[in-house]
Every structure is written in C-alpha cells, then in structure tokens.
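The next block holds one structure in the form of structure tokens; read it before the comments.
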Amino acid sequence: MSDYKFSEFEKKWQSNWANSNLGKCDLNSQKPKFYNLCMYPYPSGDLHMGHIRNYTIGDVITRYKKLIGYNVLSPMGWDSFGLPAENAAIKTGIHPKKFTEDRMKNMKDQIIRLGSLYDWDREVAAHTEEYYKWTQYLFIQLFNNDLAYKKDAPVNWCTSCKTVLANEQVIEGNCDRCDAIVTQKNLNQWFLSISKYSEELLSGLNDIGDWPENVKSMQKNWIGKSVGAQFNLEVIDSDISIEVFTTRPDTLFGMTFAVISPEHKLMKNILDLSKNQENIKNYISSASSKSEFERMSITKEKTGVDTGLFVINPLTNESIPLWIADYVLINYGTGAIMAVPGHDQRDYDFAKKYNIEIKQVIKDPNKEGGIELEAYTGHGELVNSDNFDGLNSHEEASSQIIKKLTESNIGSAKTTYRLRDWLISRQRYWGCPIPLVNCNKCGLVAENIENLPVKLPEIDDYLNTDGSPLSKSESFVNVNCPECGNPATRETDTMDTFVDSSWYFMRYLDPKNSEKPFNEEHINNWLPVDQYIGGVEHAILHLLYSRFFVKALRDLDMVKVNEPFENLFSQGMINFKGSKMSKSKGNIVDPEGYFKSHGADALRLYILFMAPPSDGVEWNDGGIEGTRRFLFKLWDNLETISELEEIDSKNSDEEKLEIYLNQTIDSVTKHLEKFEFNTAVSDLMKINNQITDYIKNNKVISSEVKKSTLQNVCLLLNPFAPHISSEIFQRNFNTEITEHNWPSVNKEKIKNPTYELVVQVNGKKKHAIEASRGLQQTEIEQLCFENFKLVVKEYKKVIFVQDKIINYVG
RNA sequence: GCGGAUGUGGCGGAACUGGUAGACGCGCUGGAUUUAGGAUCCAGUGAGCUUUGCUCGUGGAGGUUCGAGUCCUCUCAUCCGCACCA
C-alpha cells in the first residue's frame with residue numbers, strides 16, 4: 001500500500017503540465033474550436049475564494065472539452081490598471097508598476113497551484129505598453145468615427161478617489177470602489193457613444209446564446225427602453241416651446257400642468273419671461289446645492305416653484321400652468337414633462353400640495369369614481385377626452401392620440417432609453433492615457449498612430465489635487481500638434497479600466513502582434529467566446545461595455561462579429577461573515593492554507609460540491625474535510641482494485657459494479673453539460689462507495705472490470721481533480737490520462753436487471769419489493785397477491801407504471 | 001414601486017418527462033481501535049406516536065390527479081438589480 005501524498009503529486013503534475021505545455025492552443029488545429037474564457041482578474045495580490053471558484057469551474061470545462069475532442073483555448077491575463085495600485089503608491093512609495101507586477105507574479109503562482117490549465121503564452125496585461133498602445137489605437141478609431149467625444153456635462157465625482165465615475169459605478173449615491181459620497185460636478189469629459197447602440201444592445205439579448213436570466217434582465221433594466229410620444233408645449237405670449245416625453249399619450253387630456261427640471265436649457269428664457277424671478281432663482285440654487293442622491297432619496301416630499309407662465313395643452317387648447325420642480329430629472333427624456341395628476345402618483349402628490357386641478361381621463365374598470373385618494377395609474381376606458389372617449393387605453397388610445405399629434409405637427413411617436421453615454425475620463429495616474437492633443441488651431445487632434453503608445457510619464461507625486469496627476473509632467477503635457485506641428489497640449493486624463501477590459505478577449509488571439517490590435521481572421525474564426533465564466537458583479541458594467549465595443553468595431557469594419565460572448569455562466573458570490581470577501585473588510589479566506597492542509601484537488605472538489613455554482617454561498621470550510629476523505633478513500637480503493645488477483649469470469653457483484661460504472665458515466669456527463677458540478681461530484685463519491693462495497697466482498701476481479709473501473713473512474717474524476725486522477729492513471733496504465741478520451745456509456749450495461757417495485761394503496765406507499773425489469777401488469781399483480789395478499793377485485797382500479805409502481809385504488 | 005431569482009432535516013444541498021422526498025457530504029449519537037487526542041472503521045440519524053406498525057412532513061392556503069417538492073390559482077418571506085425614468 002502506498003500513501004496519497006497530495007503535495008508531492010500536485011507539484012509533480014503541475015510541473016509536468018508546464019513542461020509539456022498542456023494548456024497551449026494551436027488556433028489552426030483541425031479539431032473543433034472551443035473558446036473557454038474566465039474573466040481576467042484585477043491583480044489584487046492574492047487569490048480569494050471567488051477566484052478559486054471561477055478558475056475551478058473554468059478548468060473543469062477546459063479539461064472536459066479537451067477530453068471530448070475540442071481544441072480548447074483557455075487564456076489568462078491581468079486587468080492591471082486601476083486605483084488600488086496608485087493608492088498603494090501614494091501610501092508606500094512603491095511604483096504602481098512594480099506593485100502591480102509583484103502581485104501578478106504572486107497570483108499567477110497561486111493560479112498554477114490550483115492546477116488550472118492556461119495557455120500562458122497568450123498572457124496579456126492591460127498596463128503594458130504592448131497592450132495599452134492598442135487600447136489607444138482603438139480609442140482613436142472610435143474618435144475618428146464619432147463614437148468618442150468630449151463634452152461638458154454634469155458628472156459623478158467621487159470625493160475620495162477624486163475622479164469622475166460612470167453611472168454604472170455609482171451605487172446608491174456612493175462610489176463602488178471606496179463607498180465615499182459621489183457629488184455632481186460640471187466638467188469637460190470624454191464619453192463613448194454607447195447610447196447609439198441602445199436598441200441593438202437590448203434586442204441582441206434575445207438572440208444571444210445561454211445567458212442567465214438575471215443578467216439579461218439587469219441589462220434590460222439598465223438600458224431602460226420606454227415607448228411613447230414626444231410633443232411640444234407652446235408657452236403663451238412667447239416664442240418658446242418646450243418639448244416633453246410621455247409613455248402615456250392616452251392620458252394627454254388629463255394634463256393640467258407642465259413641469260420642467262431646474263437644470264433645463266430653456267431656464268434662462270423662462271427667467272426672462274417670468275414675473276417670479278426671485279423665487280425661481282432661489283429654488284434653482286437650492287436644488288443645485290443638493291446632490292442627485294439627496295434629491296432623490298432624502299425627501300420624497302416634492303418641491304417646486306410656479307413660473308407664473310402658461311403653456312397650451314395641444315389637444316384641449318386650455319392654458320395650464322408651468323412649474324419648475326426637481327422631481328423632473330434633466331437626464332431623462334427631455335427634462336420636462338406633461339403632468340397628469342389623475343394618472344401619475346408623483347404628479348398627483350405635487351398637484352395636491354400646490355392645489356392644482358386633478359382631472360380623471362381613464363376609468364378604473366374595477367372601481368367606481370376613484371381618484372380622490374390617489375392617482376389611478378392602470379389602464380382602462382378613456383373619459384373626458386373629447387372624441388377619444390370610449391377608446392381603451394393603453395395601446396389603442398395611445399396610437400390614436402399619437403396619430404393626431406403627428407397630423408397636427410405637434411409631436412410624434414418616440415422611444416427613449418435610460419442608458420447614457422459611457423463616461424470614460426478618469427483623473428488618475430494608473431490608467432491608459434487618452435491619446436488626444438489640444439491644439440489652438442486644429443482643436444482636438446488624435447495622436448499619430450506611429451507615435452503610439454502615448455506613454456504614461458514617470459511622476460513623483462500621484463496625488464491628484466486639482467486636475468489629473470499627468471498634468472504635473474510638463475514633458476508629457478507639452479507636445480507639438482500632430483496635424484500642424486505648432487505647440488499644443490496633451491489630454492491628461494486616463495481611461496476607465498473598463499475600456500481595457502472591453503477588448504482583452506480579442507487580444508488573446510494574437511497577443512504579440514506588433515502591427516495591429518488583433519488579427520481579424522482569428523477574431524472572425526474564434527469569436528464569440530463559447531463559454532464565458534465570471535462573477536455576477538459584472539452583469540452590467542463589463543458585460544455591457546464589451547458588447548458595445550464589439551458592435552462598434554464591427555461597424556468600423558474591423559471585425560465581423562455581433563456579440564463577444566455566446567454563452568455566459570455567472571457564478572454566485574462567495575460571502576464570508578455576511579459580506580463579500582474583500583481585503584478592505586478583512587474577511588479574506590486565503591486558499592494557500594488549504595493547498596497545504598488538504599491539497600488543491602480537495603479544495604477544487606469542495607468548492608464545486610458545496611453548492612450549485614450559480615448560487616451565492618456563505619463560506620464554511622466544515623465540508624472540505626469530506627472531499628479530502630473522499631480522495632484518500634478513493635486512492636486506497638483504486639490501489640486495492642489494481643492489486644486484486646485477476647480472473648476471467650464475472651460474478652454478480654462485478655456485473656453490478658459494471659452497471660453502476662456505466663450509470664455514473666451517463667450521470668456525470670449529463671451534469672457536466674448542465675454546469676451541475678455539485679451533483680457530478682456526488683456521483684463520483686457514490687461510485688467510490690460502490691467500489692468500497694465491492695472490495696469488502698471480493699478478493700478477485702475480472703481483468704475487464706478491473707481495467708474499465710480504473711480507467712473510467714480516473715477519466716470521470718479528471719476535470720474535477722486533475723492531479724490525483726493523473727497520478728493513479730499513470731501508475732496503472734503508464735500513459736498520460738490527457739491522451740485518452742472521455743468514456744462513453746455502454747448501453748447494454750446501464751440497466752439493472754431488477755428494480756424495486758413500489759406498491760401503493762390509494763396513492764400511499766405500503767410495500768416495496770424487488771422485481772425483475774420488464775414484468776407485465778398481470779405478473780406484478782400475481783406477485784403482489786403472493787407477497788402482500790392484494791386482490792385486484794377488491795379495488796375499483798389498479799394503476800400500473802411498468803418498472804416503477806403499482807397503485808391499488810378503491 | 002418595477003424587474004429577476006430563491007424557499008426541502010441541525011447545516012450545505014439531491015430528486016429525469018408528476019410515481020419510494022431527504023441522494024451525496026458535513027455535523028451529531030453509539031460502538032471498535034488508540035496511553036490520550038486526532039485519524040480510521042462499523043452502525044444510526046426528518047418529526048411525532050399507543051414503535052412488527054401508524055400518522056404528519058418540501059414557506060402558507062386552496063385546487064387538478066389514482067398519485068404533487070414538481071402542474072394551476074392566491075398568498076407570505078428572503079436575496080439581488082434598478083428606482084421621483086414621466
């Protein structure tokens with residue numbers, strides 16, 4: 001008997017795989033392709049359990065797909081620009097590059113310790129010049145094609161990181177990195193025109209492969225499509241008109257006032273016209289002093305100010321008052337609304353507070369009268385709506401009213417989206433410099449391609465007090481205009497790191513190309529990614545941005561793909577002590593200890609076994625003992641099997657074992673295909689228990705069953721626990737397990753000759769008895785009569801399901 | 001408020017097209033072994049009862065069915081995302 005020395009074996013196999021370059025992928029192989037991608041990590045320094053889960057799941061897929069004959073591409077790299085490196089530099093004085101690269105090295109060692117296979121020749125890192133050169137190149141392509149632009153806009157400003165943030169990075173008014181309060185600032189910033197793709201990003205979700213429902217729904221929500229009408233409200237005694245958007249044109253006759261946002265661009269004109277200037281000015285300044293978050297959450301009580309002006313309801317020709325109120329958002333729709341208090345609760349609250357008329361124009365089908373206490377926001381029959389009375393809201397009436405608006409040249413049908421353009425400027429050091437130059441004569445000019453990359457300058461002081469840290473480097477800032485050659489200045493902002501990660505999966509296909517960002521031929525052959533695996537936290541941000549990038553590059557004729565990721569698997573989060581594991585919260589569980597005490601294979605098995613991979617789980621290491629025990633037992637069992645004396649004949653125990661083995665092949669394969677790794681692991685534990693039973697009762701084994709047991713158990717285990725399965729396989733067959741194929745089911749040997757018949761009376765189980773498979777109803781009835789004295793005639797009817805149950809009813 | 005999901009033993013979780021609820025594992029109880037602890041092995045482990053057996057039991061209430069964790073209607077709770085989005 002030999003011992004299962006997991007540390008020794010794991011080390012041995014990891015170096016074997018590295019030496020034979022097992023993870024290497026030849027893109028031109030004749031085998032069918034399979035692009036298996038795990039989200040590349042931010043190099044925080046140590047792997048945490050979320051990484052372990054991600055890369056274990058990914059490696060199960062890689063190894064399984066290889067065994068069933070695919071040419072698997074499984075690359076790995078680093079999302080290596082970003083705030084923490086810079087913050088550490090400020091704190092410790094270590095250069096962000098050194099800091100980041102040290103951490104990458106450490107994490108890479110740990111990933112290798114987990115036993116996962118990657119094609120390390122394709123490793124990319126976002127912070128390297130070879131990579132960010134091409135990020136800049138792609139940015140310039142977007143800029144040259146009106147997909148990147150700079151404009152003044154109210155933006156989210158993190159008071160602690162001292163940088164602007166994208167909408168997607170603001171969580172309940174706080175910075176998603178540091179939790180500090182986010183305020184609004186008006187700044188000149190860079191945007192990518194993701195909103196041009198709103199409709200395609202939305203409709204694409206219907207044609208995409210297998211994506212989790214919750215991720216699709218989060219993206220749908222975020223894009224936020226609303227269908228309705230847009231029309232103009234004429235301000236009486238003036239030449240201004242205000243454009244409004246509504247999803248409820250069917251309630252237009254109920255409009256009794258109009259509201260515009262305090263930030264509205266017509267505010268200056270309104271101020272000029274109004275006799276209520278003092279109050280308006282006060283209101284606007286008090287609204288602007290509040291953060292957007294405050295305005296939305298601190299008080300639900302609506303406030304506003306009357307302009308004293310009137311607009312005309314275009315369908316009734318009535319004059320109605322125009323108000324200013326901050327419950328109307330400048331960023332959505334047109335920044336102005338038609339207010340229908342009878343059928344919108346917010347307008348209702350506002351009208352009640354300021355004593356504005358409330359008019360009912362939709363009848364609640366479930367209630368007589370009805371808007372005395374609250375607005376009726378549902379659909380129903382139109383009333384008080386002139387010749388539209390009697391129509392049904394919402395579709396019919398809306399389309400009729402839109403038709404009327406269109407014919408009268410007042411408005412038209414309109415669709416709006418909540419998705420806004422992606423703000424990518426960051427006032428930080430450790431990021432990709434924006435490769436644009438400001439020239440007094442030529443304006444904003446892209447750097448010449450041959451001058452890329454625009455290198456991140458060396459600076460001493462990373463703190464961004466006022467502008468960007470890059471503005472402190474004069475040699476960086478002062479350049480000659482790429483167009484006219486006159487003195488000019490560089491942009492000093494860096495890009496959001498999500499720009500880097502929006503195309504890394506394309507760079508992997510040709511990571512060392514010094515001529516182009518990627519090789520179109522490879523992209524067109526290998527994209528979309530067949531299986532993308534990562535955490536739900538990227539449901540909106542990264543997954544939406546990457547989809548946009550691919551579509552934009554397609555429209556620039558650079559690639560011929562519509563979507564980056566065909567199938568997405570999003571693993572649940574692993575929490576510890578109630579919250580997400582993170583260094584700042586100090587609730588990290590370090591995998592290193594488990595590598596030493598239980599082994600990488602036991603850790604992999606446990607993390608797969610603990611829950612369905614899409615579920616979030618609370619980390620609890622109680623069960624890891626179980627998977628370790630399983631591996632020790634399996635080691636001993638298979639060694640015992642291999643040492644059993646071989647004979648030619650088979651007994652019934654061996655036939656049973658053979659059948660069980662086939663059932664296991666069938667079950668593990670099905671579970672693997674459906675990402676049900678927890679049950680696949682339990683199948684492996686069950687076959688191990690069967691082997692234990694066999695050994696207990698038998699001292700010899702047929703050579704055929706011996707071989708198929710050893711071989712198939714190792715192969716089935718291999719994707720989950722690659723080290724131990726490789727070792728056992730090599731000891732018995734003297735070849736590498738990776739040169740073999742995934743086992744297939746022998747259909748002759750998958751069904752047991754007998755089954756346990758369940759005997760029910762009135763649907764309740766009364767007896768169970770072993771019966772031969774295939775017996776007919778009369779034979780079973782005879783069996784039940786003999787054993788349980790059940791007489792068919794005494795019952796009203798008998799229900800029989802072959803090879804399953806018999807139920808006596810009556 | 002809107003959208004998505006999830007509710008099964010002490011715990012993590014199984015259960016294919018409706019057909020033995022609780023697989024597999026953790027924990028726990030008893031026993032064997034051990035100087036002791038650990039490890040290992042054997043047996044037991046949903047609850048209740050009048051214990052050769054019976055009754056109840058998958059968040060709750062109804063319904064369909066010979067038969068429901070699974071299908072239908074209503075309802076409650078938890079988690080996640082978005083949220084004054086017109």
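Numbers restart at 1 for each chain; the letters A, B, ... are given by sequence-line order, proteins then strands.
With a glycosidic angle no more than 90° from 0, G9(B) adopts the syn conformation.
Distance from the side chain of K766(A) is smallest to C54(B) among A86(B), C54(B), G4(B). Listed candidates were A86(B), C82(B), A14(B). Nearest to the side chain of W222(A) is C82(B). Residue P612(A) has its side chain nearest to A14(B) when only A86(B), G4(B), A14(B) are considered. For K804(A), the side-chain atoms get nearest to U17(B) when compared with the rest of U55(B), U20(B), U17(B). Comparing G12(B), A86(B), G19(B) by their closest approach to the side chain of V801(A) singles out G19(B).
Rounding to whole angstrom units, CD1 of residue I574(A) and P of G12(B) are separated by 15 Å. Here A23(B) presents its C1' atom at 16 Å from CG of N688(A), a figure rounded to the nearest Å.
Along RNA chain B, the nucleotide closest to K696(A) and the one closest to N620(A) are compared, and the more 5′ of them pairs with N620(A). Both N214(A) and G763(A) sit near RNA chain B, but only N214(A) has its closest nucleotide nearer the 5' end.
The same atom, P, is picked in A15(B) and in G63(B); the two are 30 Å apart, to the nearest Å. Taking atom P in both G13(B) and G18(B), the straight-line distance is 26 Å, to the nearest Å. G67(B) and C82(B) have their P atoms separated by 47 Å, given to the nearest Å. Atom name P, nucleotides G46(B) and C11(B): the rounded distance is 13 Å, in whole Å. With P as the reference atom, G1(B) and U8(B) are 25 Å apart, rounded to whole Å. Taking atom C1' in both A77(B) and C26(B), the straight-line distance is 27 Å, to the nearest Å. For the C1' atoms, the distance from A39(B) to A5(B) is 42 Å, rounded to whole Å. Straight-line distance between the C1' atoms of C24(B) and C74(B): roughly 36 Å, to the nearest whole Å.
For K302(A) and F350(A), the positive end is not near the middle of the six-membered ring at less than 6.0 Å and at most 45° from its axis.
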(Q) Show me the dot-bracket string of RNA chain B, counting Watson-Crick or G-U pairs under 3.5 Å, with | for pairs to another strand and [ ] for crossing ones. (A) (((((((..(((......[....)))((((((.......))))))((((...))))..(((((..]....))))))))))))....
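When each of D601(A), T627(A), I52(A) is tested with Y606(A) by the rule side-chain contact (heavy atoms from CB on, under 4.5 Å), just one qualifies, namely T627(A). Of the candidates D250(A), T246(A), T251(A), R248(A) forms a side-chain hydrogen bond (donor to acceptor under 3.5 Å, both in side chains) with just one, namely D250(A).
A donor-acceptor contact under 3.5 angstrom links the side-chain atoms of Q760(A) to the base of G19(B). N221(A) contributes no side-chain N or O that forms a donor-acceptor pair with the base of C82(B) under 3.5 Å.
Scanning residues 659-671 of chain A for heavy-atom distances under 4.0 Å to RNA chain B yields an empty list.
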Nucleotides 24-28 of chain B: which of its N/O atoms have a protein N/O under 3.5 Å away?
unit_1	atom_1	unit_2	atom_2	d
G25(B)	OP1	N689(A)	ND2	3.2
C26(B)	OP1	R629(A)	NH1	2.5

